[in-house]
Peer 1: 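After the structure tokens below, expect a handful of questions from me.
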Amino acid sequence: MDEKKHYDDGDIQVLEGLEAVRKRPGMYIGTTSEKGLHHLVWEIVDNAIDEALAGYCDDIEVIIGKGNTITVKDDGRGMPTGINAKTGLSTVETIFTVLHAGGKFGGGGYKVSGGLHGVGASVVNALSSWLEVTIYREGKIYYQKFQNGGKPADELKEIGKCEENRTGTTVTFKADPEIFTETTIYNYDTLAKRLQELAFLNKGIRILLRDEREEEKKEEFLYNGGIIEYVKMLNKNKTPIHAEVIYFEGTEDGIELEVAMQYNDSYNANVYSFTNNINTYEGGTHEDGVKRALTRIINNYARTNKILKDNDEALTGEDVREGLTMIISCKHPNPQFEGQTKTKLGNAEVRKIADDVFSEGFERFLMENPNEAKIIIDKATTAARARLAAKKARELTRRKTALDSINTLGKLADCTSKDASISEIFIVEGDSAGGSAKSARIPKTQAILPLRGKILNVEKARLDRALSNEEIRTMITAFGTGIGDEFDLEKLRYHKIVIMTDADVDGSHIRILLLTLFYRFFRPIVEQGYVYAAQPPLYKVVYGKNIKYVLTDEELAEYRASLPPNAKPIVNRFKGLGEMDAIDLRETTMHNEHRVLKRITVEDAMEADKVFTDLMGEDVLPRKEFIEKNAVFVENLDI
Ligand code: 0RA
């Protein structure tokens, strides 16, 4: 066929459609940042996953090519190569050039994947410098290329023969740098993480990721156990309290539900839900149904077996989820996504289906596994007792007189200002440093709280035990915010909370314990940027009339080099804050004209949580590795 064929009226409409995508890419893929760039990959991978879920493909390869091209290869049936009656174009060309054409050519079966936007292959084509598709079907190889934002270079053509039984589709594209102006470089870890997740969520599909850019890198993801293996991985650095991952599945009215769960000995719940492979961060009816059933069934079991007495209060949802790692995966032919970020499943019918599937399975599990049942019920009842104890302890820290009492006991040297925006509290390690700090401070705006005993490692403790630690109670009282459900940022009495510890290993250990505490129990304080680390100097250098304080050995060497060759400055190394006199401390670390405070920020709460878990959790190895890299960590936190 000649070129003209591609420019009749229908084609002009097609080209206008793709042009609209290029004009407003954000409308189709959300953003043209790095996130949007990766979105292109998900669109193409989702098509292959759909083919796998339809039962025709079990092998998918994703290749990052040398020039940051992406190739997605599958061994499915191969895209249909005939002519589409509606468009008069080949089905392949239709899929890649007509907006929203993808689903209509699906040939039956529902699509369970599809990105959040689910915009299809034509959008990827429109936003690519070029895109090639190769199809293997019925012993033939077909090929078509598009360029300059989705324009067909030629029509779909047979370009050769292949083995009769070879089938599949291969798509390669290069994101257009004129659209993705921030970056066109793919992040291996981003791709690996999502492809692994897809492999967990779709058992039996092999997904290979290969990076051909510099050093060859590749990973294969294949999980015949699906979300059971996902739960195992999530619990890998934890201590499960029962051996097997518990798993249920069921299908009602074409809606499929799978749940995998295992309790560990920690106090946190990790419940993740998905619908059609999309992480429903905001939860929804599938998650509600399962959670509701879990709470009800554990309560029923505990009452029936007299573990809960008649006048005991019911176990709450939080009680029964303590230490629970759970994946809920729903596959729905027509999901309705709601919520702020469209990551909440809204379909009302799913609540009952999820409840049914889970409760039938879980009830039977408890009956058939009395040992596991006992372990799980014990965990929940212990959590309930801790909750009640914590409530009492919280009441103690909330009493009006509590603040007066820590003041008079001499624990806290409070500032006189009542204006939080100018008030600062220095948390200081040890009494002797506390003494220097008290003399060095500006009493109007600076409060000093010396820590005496050991600070509890809160990663290993529930709220009730944290609250039984006197140092922690004192801090909570001083901050004024309360804790847990009663936390109120408005009541914070200082807008700068400054951790002032020695510049040695012990000092950084205490700093990390404090950060963990703040992160777990006072997260908004960290998020709002109210937490700082002081930076005490390591040396005082006296040279004639000049006094200079330096923070590091490098800085000292630099300073020495700047002096005349025969100069002999007096160098005094501070062994700790306790050794500094009040003037040194004021001049270098506390007075706001000279000090350098580093602000602690938490960029990505979930990432940080993992960092703290690896550092502070039960496992010794990650903690060791972490403490070795400790200096780096503090840098990364952007203190
Ligand atoms: C619809 C029908 C058929 C295959 C596909 C879609 C298909 C699409 C994609 C996209 C990426 N890989 C794919 N593999 C298959 C085939 C219908 C038939 O053979 O009768």
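First listed ligand is number 1; within each ligand, the first listed atom is number 1.
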Peer 1: Check if Cys57 has a non-hydrogen atom at a distance under 4.0 Å from any atom of ligand 1.
Peer 2: no

Peer 1: Regarding ligand 1, does Asn47 bring an N or O atom to under 3.5 Å of one of the ligand's N or O atoms?
Peer 2: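 No; the residue has no nitrogen or oxygen that sits under 3.5 Å from a nitrogen or oxygen of the ligand.
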
Peer 1: Kindly identify the option in Gly78, Ala121, Ala48 whose heavy atom sits closest to atom 4 (C) of ligand 1.
Peer 2: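 Selected option, by shortest heavy-atom distance: Gly78.
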
Peer 1: Taking the side chain as C-beta and beyond, is there a heavy-atom pair between Asn279 and Thr343 under 4.5 Å?
Peer 2: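 SC-SC contact between Asn279 and Thr343 ruled out.
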
Peer 1: Decide side chain to side chain donor-acceptor pair (under 3.5 Å) for His332 and Glu349; before the verdict, give the C-alpha distance in whole Å, the side-chain angles of both, and the deciding distance to 0.1 Å.
Peer 2: CA-CA 11 Å; His332 197 293; Glu349 75 282 6; 2.7 Å; yes

Peer 1: Can you confirm if the aromatic rings of Tyr223 and Tyr230 lie within a centre distance of less than 6.0 Å?
Peer 2: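 Not under 6.0 Å, so no.
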
Peer 1: Which is closest to atom 10 (C) of ligand 1 in terms of heavy atoms, Lys73, Met79, Glu138?
Peer 2: Met79

Peer 1: Identify which one of Lys344, His286, Glu338, Lys342 satisfies the side chain to side chain donor-acceptor pair (under 3.5 Å) criterion when paired with Thr280.
Peer 2: His286

Peer 1: If you measure from atom 13 (C) of ligand 1 to every heavy atom of Ile44, Thr169, Ile135, which option wins on shortest distance?
Peer 2: Thr169

Peer 1: Is it true that the NZ or CZ of Lys217 lies under 6.0 Å from the centre of Tyr188's six-membered ring and within 45 degrees of the ring axis?
Peer 2: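 So Lys217 does make the cation-pi contact.
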
Peer 1: Looking at ligand 1, does any of its N/O atoms fall within less than 3.5 Å of an N/O of Arg77?
Peer 2: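 No: no nitrogen or oxygen of Arg77 is under 3.5 Å from one in ligand 1.
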
